[in-house]
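Each residue takes its place number in the sequence, starting with 1.
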Amino acid sequence: MELGAFFSSGDSWAESWVLDVGLIESLRFGAPDGHTDLDVAIALTRLLYDDFVSYGTDGRDMHLNNDTVPVVIKAHRAVLERLALEPPAWPFRAFDGPRIRFVLA
């Protein structure tokens, strides 16, 4: 599965890549026609890896943001679990670190 399949074309000026959140959410329940879970797992792994490497270096080739990373991580986890593989234990949920919720008592 090509990484471009996860995106639609944006307005080409400000955003050339727009994540198809509906497609990513659907991957949690099964691979799209013509693709296997293994194809999807490899593509999602590549997407996450490439974006986190880009974020950690120069940030020029990033396609995800703090709102879309958790969606991709959830889909990645679901696909790996269908393949009976252990998903990675991510120490973060977005580019800016862990998402911590404070509960006021």
Side-chain angles (χ1 to χ4, degrees):
M1 182 168 211
E2 295 294 321
L3 292 181
F6 298 138
F7 298 91
S8 62
S9 59
D11 62 14
S12 76
W13 288 102
E15 259 185 330
S16 58
W17 293 63
V18 177
L19 185 69
D20 185 344
V21 175
L23 171 64
I24 298 298
E25 287 286 345
S26 73
L27 296 176
R28 293 174 49 206
F29 307 103
D33 291 339
H35 298 284
T36 65
D37 280 334
L38 183 58
D39 294 334
V40 174
I42 291 169
L44 289 174
T45 301
R46 188 171 296 132
L47 175 61
L48 288 166
Y49 175 82
D50 289 350
D51 263 44
F52 277 105
V53 167
S54 180
Y55 177 77
T57 54
D58 59 13
R60 290 189 312 190
D61 295 323
M62 290 175 54
H63 300 101
L64 303 175
N65 59 43
N66 281 330
D67 294 328
T68 56
V69 169
V71 175
V72 176
I73 288 174
K74 284 181 190 177
H76 185 247
R77 176 179 207 80
V79 173
L80 291 178
E81 287 174 347
R82 281 199 305 271
L83 290 167
L85 298 172
E86 186 175 336
W90 300 98
F92 42 77
R93 298 292 277 155
F95 291 118
D96 61 359
R99 296 287 173 129
I100 299 172
R101 295 179 189 219
F102 294 97
V103 178
L104 299 174

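- Contact annotation: the side chain of I24 never approaches that of T68 to less than 4.5 Å [non-hydrogen atoms, C-beta and beyond].
- At least one side-chain heavy atom of L27 sits under 4.5 Å from a side-chain heavy atom of F6.
- With hydrogens and angles disregarded, a donor-acceptor distance shorter than 3.5 Å links the side chain of T45 to the backbone of A41.
- Here R77 contributes atom CZ and E86 contributes atom CD; the two are 8.5 Å apart, rounded to the nearest 0.5 Å.
- In plain terms, the two heavy atoms of M1 and P32 that are nearest each other are CE-CG, 3.7 Å.
- Within the 4.5 Å cutoff, side-chain heavy atoms of L64 are placed close to those of L48.
- Here the options are L44, V40, L38, the test is side chain to side chain contact (heavy atoms under 4.5 Å, CB included), and the partner is I42; only L38 passes.
- Residue pairs meeting the salt bridge (Lys or Arg N to Asp or Glu O under 4.0 Å) criterion with at least one member in residues 20-32, sequence neighbours excluded: E25-R28.
- Note that the CD atom of E2 and the NE2 atom of H35 stand 9.0 Å from one another [nearest 0.5 Å].
- With rounding to the nearest 0.5 angstrom, the CG atom of L83 is 7.5 Å from the OG1 atom of T36.
- Within the 4.5 Å cutoff, the side chain of P88 has heavy atoms near those of the H76 side chain.
- Scanning for salt bridge (charged side-chain N to carboxylate O under 4.0 Å, His left out) contacts around D51 gives an empty result, with sequence neighbours left out.
- Side-chain contact check for E81 versus P87: some heavy-atom pair is nearer than 4.5 Å.
- Between F7 and L47, the closest side-chain pair of non-hydrogen atoms falls below 4.5 Å.
- V53 belongs to a hydrophobic cluster whose other members, connected by ILVMFWY side-chain contacts under 4.5 Å either directly or through intermediates, are Y49.
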